[in-house]
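Below: one structure, written as structure tokens.
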Amino acid sequence: MNPDLARLQPYPFERLGRLFEGVTPPTDLKLIDLSIGEPKHPTPQLIFDALIASLPGLANYPATRGTDALRQSIAGWLMRRYTLPRVDHATQVIPVCGSREALFAVAQAVVDRSRDALVLSPNPFYQIYEGATLLAGAQPHFLPAFPANGFRMEFERVTVDEWRHVQLAYVCSPGNPHGRVLTLDEWQQLFELADRHDFVIAADECYSEIYFEEGKAPLGALQAAHALGRDKFERLLVFGSLSKRSNAPGLRSGYVAGDAALLSQFLLYRTYHGNAMSPPVQAASIAAWSDELHVIENRRKYAAKFAQATPVVQRALKVDKPEAAFYLWAATPFDDEQYARRLYADCHVKALPGSYLGRERNGVNPGKGFVRLALVAQEADVLEAAHRIANLKL
Ligand SMILES: Cc1ncc(COP(=O)(O)O)c(C=O)c1O
């Protein structure tokens, strides 16, 4: 077997299952699960309708690059969302089967394993970055995000010698788990570093559409590139998804957009990898990218939950309302694993210990001492969970 498989860490939810083993939660309280970042609002009817109407498409093999119509609808959405003068649907967009597989695949396509390769990643982080890095034959290089640094990736921490080996940098904005959004200055710093040290930026923006005030959408990487005069999106690949935007995680639909030269190589890789999007899913995706009303309604629901639940959770835990995304990244009064276990045992609420999302470096795991609360359940359940958290006797 590939020896790199042995380097993969157990997925956080596997560890969570083990943490709760042998615990009997109170049966008079129903389970409220805030541990998994799976959207729970209903999938819009327009997705079902388009999917069903396109079922005869199952008779055909899809092309890996998708149909022109799908790439046009994604390019059109990107131009509207990020006020971009031009995104070329022929060369600057590829559909992907959810951003997860694409975030994994990009490392396989980009990393030159004949040289000692480093891949930058935030810490704590979406676990795919690490698995992708290890299976590409590279080493992850983590940049810790703490309250003390405002959850910023401190690129200045990377030494000149380390930069020589960096081939790929994952960034996540809005960030999972803390919801932080990269600023234009940070993008400028990162683009300059990528030019100087010749690496590719993989910008994970799967939470870009979950924010709390209409008209105040988070800055995107393509938008930042355009503002800085990089209209060819040099060295940049952006990953987006319908999973959170359109409450369709089971559809497995997203996009990669950016640098045409990188995308043509990525497409070559993907042709062999064989992850083309099913024709009915392509049709349903066009319907989803072409409609904004359901996305606004989705945001309204998250905004209501955050407005109600955040002050209640704040009675017990130190936590700020995030800039975007659907998580509260809350500091725990004692060890995060023990806290999550107590919360489950006493309140029947599942939360994810932050240490499961981080890696220890130099004796410090920056996820330690936090829990991630995904406000994905229905409004009444989220509020009920917040009250149980506030009333937990320590
Ligand atoms: C930060 C981040 N990126 C990417 C994904 C993958 O989403 P999908 O594959 O559904 O597009 C997730 C899913 O939870 C995530 O949290």
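Just so you know, these numbers use all the heavy atoms, side chains as well, and skip hydrogens, waters and symmetry mates. Indexing begins at 1, ligand by ligand and atom by atom, following the structure's order.
Selection from C97, S99, A248 by nearest heavy atom to atom 8 (P) of ligand 1 gives S99. For atom 15 (C) of ligand 1, the nearest non-hydrogen atom from the set S253, C206, G98 belongs to C206.
Using a 4.0 Å cutoff on heavy atoms, C172 counts as a contact of ligand 1.
A salt bridge links R245 with E292: at least one charged nitrogen is closer than 4.0 Å to a carboxylate oxygen. With salt bridges taken as basic N to acidic carboxylate O contacts below 4.0 Å, none links R388 and D346. Salt-bridge formation is not detected for the pair E214/R300: no Lys NZ or Arg NE/NH1/NH2 atom is positioned less than 4.0 Å from an Asp or Glu carboxylate oxygen.
Taking atom 4 (C) of ligand 1 as the reference point, the nearest protein heavy-atom neighbour is Y126 CE2, 3.3 Å. Among all non-hydrogen protein atoms, the one lying nearest atom 13 (C) of ligand 1 is K244 NZ, 2.7 Å. Counting protein heavy atoms only, atom 1 (C) of ligand 1 is closest to D204 OD2, 3.2 Å.
For E101, no heavy-atom contact with ligand 1 is shorter than 4.0 Å. Contacts between E38 and ligand 1 below 4.0 angstrom, taking non-hydrogen atoms only, are absent altogether. With a 4.0 Å cut-off on non-hydrogen atoms, L103 touches ligand 1 through its side chain and not its backbone.
One side chain, D33 or S35, offers a donor N or O that lies under 3.5 Å from an acceptor on the other. Between the side chains of E130 and T133, no donor-acceptor pair is found at a separation under 3.5 Å. Using a 3.5 Å distance cut-off with no hydrogens or angles, the side chains of D204 and Y129 do pair a donor with an acceptor. A donor-acceptor pair shorter than 3.5 Å cannot be found between the side chains of Q127 and R100.
Among the atoms of S243, some N or O lies under 3.5 angstrom from an N or O of ligand 1. Inclusion of Y207 in the set of residues having an N or O under 3.5 Å from an N or O of ligand 1 is warranted. The distance criterion of under 3.5 Å between nitrogen or oxygen atoms is not met by Y327 with respect to ligand 1.
Exactly one residue among K305, K40, K30 makes a salt bridge (charged side-chain N to carboxylate O under 4.0 Å, His left out) with D381. That residue is K30.
Heavy-atom contacts from other residues, nucleotides or ligands closer than 6.0 Å to CG of D68 number more than 12.
Listed by atom number, the atoms of ligand 1 under 4.0 Å from R252 heavy atoms are 8 (P), 9 (O), 10 (O).
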